[in-house]
Amino acid sequence: MYAKVIVDVPAKQTNRAFDYAVPKELRSWVEVGSRVGVPFGPRVLQGFVVGLSNETDVDPKRLKPIGHVLDLVPPLTAELVSLGRWIARMYLCHEVTALQAMLPAALKAKYERVITVGEESAEHPLLHMSDVQEIVQFVRGKATLTMEGLMERFPGRDAFLKELLQAGVLAEVQMVKDRMATKKALTVFPPKDLSVLEAALPELPARANKQMAVLRYLMEHPHAIRLTELIEMIEISASTVKSLAERGWIELREVEVMRDPYAGRSFKRTTPLTLTEEQSRVFAPIKAAVAEDRHEVFLLHGVTGSGKTEVYLQSIQQALDMGKEAIVLVPEISLTPQMVERFKGRFGDQVAVLHSRLSNGERYDEWRKITRKQVKVVIGARSAIFAPFTQIGLIIIDEEHESSYKQEESPKYHTREVAVQRAKGHNAAVVLGSATPSLETLELTRRRRDRAKPPFTLLTMTERVASRPMPPVTIVDMREELKTGNRSMFSRPLYKAIEERLHKKEQIVLLLNRRGYATFVMCRTCGYVAQCPHCDISLTYHQSSRMLRCHYCGYAEREVTQCPSCQSEHIRHFGTGTQRVEEELSKIFPGIRVIRMDVDTTSEKGSHEKWLSLFRDKQADVLLGTQMVAKGLDFPDVTLVGVIAADTVLNIPDFRSAERTFQLLTQVAGRAGRHEKQGEVFVQTYTPDHYSIQHASRHDYTAFANQELDVRANLGYPPYQRLILVTFTHEQLSLLVRMAEAFVTRLKEIARPYMTRQTDLFTPVVTDEEFFHMDVLGPVASPISRIKDRYRFQCVVKYRGDDVASDIVSQTVAWFEERSAKEKLTVSVDVDPQYLM
DNA sequence: AGCACGCCGACT
DNA sequence: GTCGGCGTGCTC
């Protein structure tokens with residue numbers, strides 16, 4: 001029996017399976033998806049079994065055996081192994097990188113070099129020296145001894161120890177270990193035969209009250225109990241229990257326990273609500289697909305507050321009734337305790353929760369509930385799509401338009417695409433929910449040109465639960481404000497509205513999608529702008545620390561009061577950030593209580609929730625922040641939402657900026673007036689006529705989508721053509737340009753034979769189309785042309801039709817790396833990029 | 001990624 | 001004459 005193993009070396013040359021012999025004693029343990037320790041060259045590495053076979057092409061003499069199996073239950077399934085292969089090919093990463101991304105960080109291999117007694121040491125002449133014997137004895141007695149530990153024990157003998165290693169008396173072995181151990185807890189076990197305890201009672205001295213209490217408790221509750229719990233329960237100390245254990249009446253031993261981040265919290269059980277007419281209408285086809293074990297993708301387009309979550313909950317119930325499992329994905333930011341409560345409340349301990357705020361250990365334990373089949377529902381952020389379920393009936397992606405579903409590091413996968421790929425294999429239904437669906441998803445619900453059935457099914461909910469109206473949105477033209485002499489960041493209508501709320505003791509949400517104090521610092525005499533010395537980007541002034549910071553590389557310098565270029569003192573701050581708004585608010589409205597939420601105030605673990613609960617408790621009048629205040633929050637007393645500058649997103653040079661502006665405005669508008677009190681929204685802008693702002697103010701998604709789709713078709717952007725972004729970086733600009741140009745030339749050459757015809761570029765993309773067309777834009781300097789002293793060039797590959805674009809780029813990269821190997825030039829490929837930067 | 005093997009400059 | 005620079009190539 002041979003195993004095909006992918007080893008833990010993410011490099012081009014090792015990006016293939018290596019064959020290993022499976023020793024007899026490991027046969028029943030080695031499966032596709034097993035994590036194993038294998039000898040690789042001179043060391044031992046972690047690897048993943050991706051295949052088993054009775055044949056091998058390798059000379060059997062060169063085959064090495066698998067060293068050991070790392071888990072009792074394989075952490076991956078055969079399905080996930082093949083999904084990994086698909087991800088590696090689709091998103092151009094090493095296969096091991098894709099597999100690694102599916103596992104919790106706790107299972108990332110840790111390599112340790114351990115000193116052992118060498119194999120040839122038995123009759124070594126050196127062994128007759130007495131101090132060598134002492135050293136060998138010491139090494140024998142330790143299971144995991146590092147070289148450092150050995151040198152510590154025998155100080156000043158480094159050279160001699162090295163000699164022993166070279167002579168083979170001692171040996172250094174590399175070990176694969178898990179990063180995370182399972183947690184153990186001392187547990188008390190009463191004897192099976194309770195009469196033992198009864199017999200023990202009279203044996204105790206009369207004043208051993210505590211010990212007697214323990215025995216009596218165990219007689220009444222004859223089951224295993226955690227030592228810590230017992231101690232708390234009957235107010236004793238650990239030594240009391242230990243002395244009982246020493247006399248053999250009870251048993252005390254370590255038992256593996258799960259770290260439960262939600263331990264001690266009880267969730268109020270909820271029962272399915274009666275669906276509204278609209279909810280029932282969209283639920284019916286989802287229910288049917290799940291009940292019939294049929295793969296179908298639904299886009300659930302429902303306005304904010306239309307009750308999508310209840311539809312999710314009842315769809316999951318349907319999957320559970322079928323004996324199937326369900327995965328629920330939400331953006332990291334909206335995975336709040338309230339969100340978790342809704343799912344735990346309905347499905348109790350059948351739910352595992354996976355998100356980045358768990359510690360590695362907690363996350364590992366939640367994840368193990370899945371492999372142990374203790375849960376049927378997983379709710380989590382992006383990576384929860386890899387939950388090792390085997391019977392998936394339903395995958396839900398809430399807020400499917402969120403760009404955080406695209407992983408920015410390798411593997412640069414899109415969760416939505418992976419979800420559909422997984423669901424196909426399981427015959428599972430997929431529900432993509434959003435109030436502002438991405439245009440890619442929307443497009444797939446529309447009829448094809450030849451009237452074929454669209455790939456996705458559109459379900460729409462237009463009514464808010466309890467028919468609360470959408471809040472009216474007022475667009476404020478900031479140019480007019482300026483003309484009439486208002487130079488502050490608050491327009492008069494917004495100012496009045498804030499004043500009014502403060503008076504009425506109602507709450508306010510203010511959005512400004514820019515952190516820091518000022519976006520750039522300029523000298524008004526000579527025009528000098530403070531720039532990062534390592535990146536081609538202006539520095540942002542942070543008031544609290546009085547520093548100028550680069551948001552790309554973290555570079556920081558002291559605030560300047562004199563122009564470094566002309567010595568003038570007319571240094572001024574331009575552009576507005578959240579810090580500046582905060583300062584201005586307290587100036588204009590003395591005594592106003594403001595909570596500022598941006599990455600600078602929420603980096604600490606748990607701070608996000610802390611601010612939100614402060615605001616919920618009405619400890620503040622204003623919640624001011626970047627886009628994180630726009631997402632999913634629900635506060636009954638918020639009646640005013642103000643967008644300080646709608647143009648910040650719109651002016652980013654990216655083809656999705658209109659879409660992002662529309663989404664952001666729609667989401668933040670949804671924060672106002674969700675309960676009894678009527679809400680109101682003010683949007684300040686210098687471009688009041690832009691269609692994204694106009695349509696958002698009328699809550700008209702369809703009108704926006706249709707207009708934006710026209711723009712995309714004309715420019716050949718997604719969803720009509722798909723994109724691959726290739727970025728090159730190097731310290732030296734001239735070499736970079738030359739190489740990038742060579743890459744593009746070669747890419748076009750490789751693509752040419754695949755191209756079939758050049759028609760039809762403006763009808764919707766269908767992935768199984770039979771033709772293929774590709775265009776390459778660039779190379780050009782990236783929008784941020786230098787980061788950390790490295791210049792950046794990029795080219796954008798636009799293609800549509802048959803799914804060979806990844807392969808073409810992959811071939812080009814392989815060719816390119818061969819001839820640029822010595823240049824330290826890096827190429828990075830992003831398939832379906834979310835930002836063209 | 002490591003690590004060994006291997007072919008050319010500055011030193012005991 | 002040797003030590004060591006890191007270019008090239010391999011790992012079942």
Side-chain angles (χ1 to χ4, degrees), chain A residues 1-27 29-70 81 84-85 88 92-101 103 105 107-116 118 146-148 159 162-163 165-168 170-177 179 409-411 729-731 735 739 813-829:
Chain A
M1 176 86 102
Y2 307 106
K4 304 212 169 287
V5 175
I6 303 272
V7 294
D8 187 19
V9 181
K12 199 179 69 176
Q13 289 182 307
T14 49
N15 189 30
R16 63 186 175 92
F18 288 81
D19 288 359
Y20 284 87
V22 182
K24 258 199 205 76
E25 66 276 15
L26 292 182
R27 255 186 215 179
W29 296 99
V30 175
E31 293 173 53
V32 172
S34 291
R35 209 163 51 106
V36 291
V38 289
F40 192 71
R43 54 214 171 116
V44 177
L45 291 179
Q46 185 191 88
F48 295 94
V49 176
V50 297
L52 289 167
S53 154
N54 288 316
E55 283 156 50
T56 173
D57 303 333
V58 182
D59 173 8
K61 286 196 290 291
R62 287 178 55 203
L63 274 182
K64 291 181 185 174
I66 287 178
H68 54 294
V69 179
L70 288 155
V81 166
R85 200 169 302 140
L92 277 74
C93 70
H94 301 118
E95 218 168 313
V96 69
T97 310
L99 296 174
Q100 209 78 256
L103 300 179
L107 293 185
K108 210 167 147 38
K110 190 170 103 182
Y111 296 104
E112 227 173 40
R113 286 155 176 276
V114 172
I115 305 297
T116 58
T146 59
M147 195 62 200
E148 289 72 45
K162 203 174 158 196
E163 216 175 289
L165 275 166
Q166 273 163 1
L170 298 179
E172 195 181 28
V173 179
Q174 186 170 282
M175 298 242 308
V176 191
K177 286 182 72 185
R179 199 151 287 233
E409 315 89 63
S410 184
T729 72
H730 196 268
E731 289 174 359
L735 179 119
M739 297 295 281
V813 170
W815 166 86
F816 186 76
E817 280 178 344
E818 220 158 90
R819 68 191 290 281
S820 70
K822 49 195 170 296
E823 314 280 8
K824 281 202 251 155
L825 185 139
T826 61
V827 194
S828 114
V829 180

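Chain letters run A, B, ... following the sequence lines, proteins first and then strands; every chain starts at 1. What you see below is based on every heavy atom in this structure, not just the backbone, and it leaves out hydrogens, waters and symmetry mates.
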What integer distance in Å separates [X]:[atom1] from [N]:[atom2]?
{"X": "A/E817", "N": "B/dA1", "atom1": "CD", "atom2": "P", "answer": "10 Å"}
{"X": "A/R43", "N": "B/dA1", "atom1": "CZ", "atom2": "C1'", "answer": "6 Å"}
{"X": "A/D8", "N": "B/dG2", "atom1": "CG", "atom2": "C1'", "answer": "12 Å"}
{"X": "A/L45", "N": "C/dC10", "atom1": "CG", "atom2": "C1'", "answer": "13 Å"}
{"X": "A/L52", "N": "C/dC12", "atom1": "CG", "atom2": "C1'", "answer": "15 Å"}
{"X": "A/I66", "N": "C/dC12", "atom1": "CD1", "atom2": "C1'", "answer": "11 Å"}

* Mind checking what makes side-chain contact (heavy atoms from CB on, under 4.5 Å) contact with A/E731, not counting sequence neighbours? -> A/R790
* Asked: Sequence neighbours excluded, which residues qualify as side-chain hydrogen bond (donor to acceptor under 3.5 Å, both in side chains) partners of A/E55?
  -> none
* Structure fact -> Numerically ordered, the residues 11-20 of chain A set in heavy-atom contact under 4.0 Å with DNA chain B is A/A11, A/Q13
* Is there a donor-acceptor pair under 3.5 Å between the side chain of A/S34 and the backbone N or O of A/V36? -> no
Could you list the donor-acceptor pairs under 3.5 angstrom formed by side chains in residues 4-14 of chain A, with sequence neighbours left out?
from: A/K4; atom 1: NZ; to: A/D19; atom 2: OD1; distance (Å): 3.0
from: A/K4; atom 1: NZ; to: A/D19; atom 2: OD2; distance (Å): 3.3
from: A/D8; atom 1: OD1; to: A/Q100; atom 2: NE2; distance (Å): 3.2
from: A/D8; atom 1: OD2; to: A/Y111; atom 2: OH; distance (Å): 2.8
from: A/T14; atom 1: OG1; to: A/V9; atom 2: O; distance (Å): 2.8
from: A/T14; atom 1: OG1; to: A/A11; atom 2: O; distance (Å): 3.3

* Structure fact -> For A/R16, the salt bridge (Lys or Arg N to Asp or Glu O under 4.0 Å) test, sequence neighbours excluded, returns none
* Structure fact -> side-chain hydrogen bond (donor to acceptor under 3.5 Å, both in side chains) pairs touching residues 57-67 of chain A, sequence neighbours excluded, are none
